[in-house]
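All residue numbers in this chain count up from 1 along the given sequence.
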Amino acid sequence: MRNNRKNKSVHSIETQPIDTVIGSEIIFKGDIKGENVIRVDGIIEGNLALTKGIVIGEKAKVTGNLKSDRIIIYGSIFGDIECKELNIKSSGIVNGDIQADNVEIEMGGRYNGNLTMQQTISKLPTKDEK
């Protein structure tokens, strides 16, 4: 069956396997880099740069910057985010600047910072160009 929803990417993070999980009882200090998808349920003090995706679980707390193609946030982030697709869920909290192509914030999700988005529409014609 084909998914016709326009706001869902064919390469959505929900369809990819999660290769690494930082459990809820884990405290990790340092940067994490890689290609695949990671899920964080514990505490991280450091930057995350994973190409395919990052999922921040509901009880997770990350102090550091996130960089990935796709990011879903259920927990708390204290740092900047750079991605193509960002989804802040109703329990998600982001304190930092966001640079993203697409952003979705569910009702109840909280965000404090500056948002920069790639411009996807062309300039509207001026009165002289009509």
State, yes or no, whether a side-chain contact exists between [X] and [Y] at a heavy-atom distance under 4.5 Å.
X      : Y      : answer
Asp31  : Leu48  : no
Val55  : Tyr74  : yes
Ile77  : Ile88  : no
Ile32  : Ile38  : yes
Val103 : Leu115 : yes
Asn87  : Ile73  : no

Quiz item: If two hydrophobic side chains count as joined below 4.5 Å and joins carry through other members, does Leu50 share a cluster with Phe28?
Solution: yes
Quiz item: Is there a path of hydrophobic side-chain contacts, each under 4.5 Å between heavy atoms of I, L, V, M, F, W or Y residues, that connects Ile81 with Tyr111?
Solution: yes
Practice problem: Go through the structure and list residues passing side-chain contact (heavy atoms from CB on, under 4.5 Å) with Val37, not counting sequence neighbours. | Solution: Ile13, Gln16, Ile18, Lys52
Quiz prompt | Donor-acceptor contact present, side-chain Thr63 to main-chain Phe78, <3.5 Å | solution = no
Quiz item: Is a side-chain donor or acceptor of Asp97 paired with a backbone partner of Asn114 at a separation under 3.5 angstrom?
Solution: yes
Side-chain polar contacts of residues 39-47 - donor-acceptor pairs under 3.5 angstrom, sequence neighbours left out - could you list them?
{"from": "Arg39", "atom 1": "NE", "to": "Asp41", "atom 2": "OD1", "distance (Å)": "3.1"}
{"from": "Arg39", "atom 1": "NE", "to": "Asp41", "atom 2": "OD2", "distance (Å)": "3.1"}
{"from": "Arg39", "atom 1": "NH2", "to": "Asp41", "atom 2": "OD1", "distance (Å)": "3.2"}
{"from": "Asn47", "atom 1": "OD1", "to": "Asn65", "atom 2": "N", "distance (Å)": "2.8"}

Quick check for you: to the nearest 0.5 Å, what is the distance between [X] atom [atom1] and [Y] atom [atom2]?
X     : Y      : atom1 : atom2 : value
Ser76 : Arg110 : OG    : CZ    : 7.5 Å
Lys67 : Cys83  : NZ    : SG    : 11.0 Å
Leu86 : Gln99  : CG    : CD    : 12.0 Å

Quiz item: If every non-hydrogen atom of Met107 is compared with every non-hydrogen atom of Ser90, which pair is closest and at what distance?
Solution: O-CB, 3.2 Å
Exercise. Please report the closest heavy-atom contact between Ile72 and Lys89, naming both atoms and the distance.
Key: CG2-CE, 3.9 Å
Exercise. List for me each residue that meets side-chain hydrogen bond (donor to acceptor under 3.5 Å, both in side chains) alongside Ser91, sequence neighbours excluded, and say none if there are none.
Key: none
Practice problem: Using side-chain hydrogen bond (donor to acceptor under 3.5 Å, both in side chains) as the criterion, point out the one residue from Asp19, Thr20, Thr51 that pairs with Asn36. | Solution: Asp19
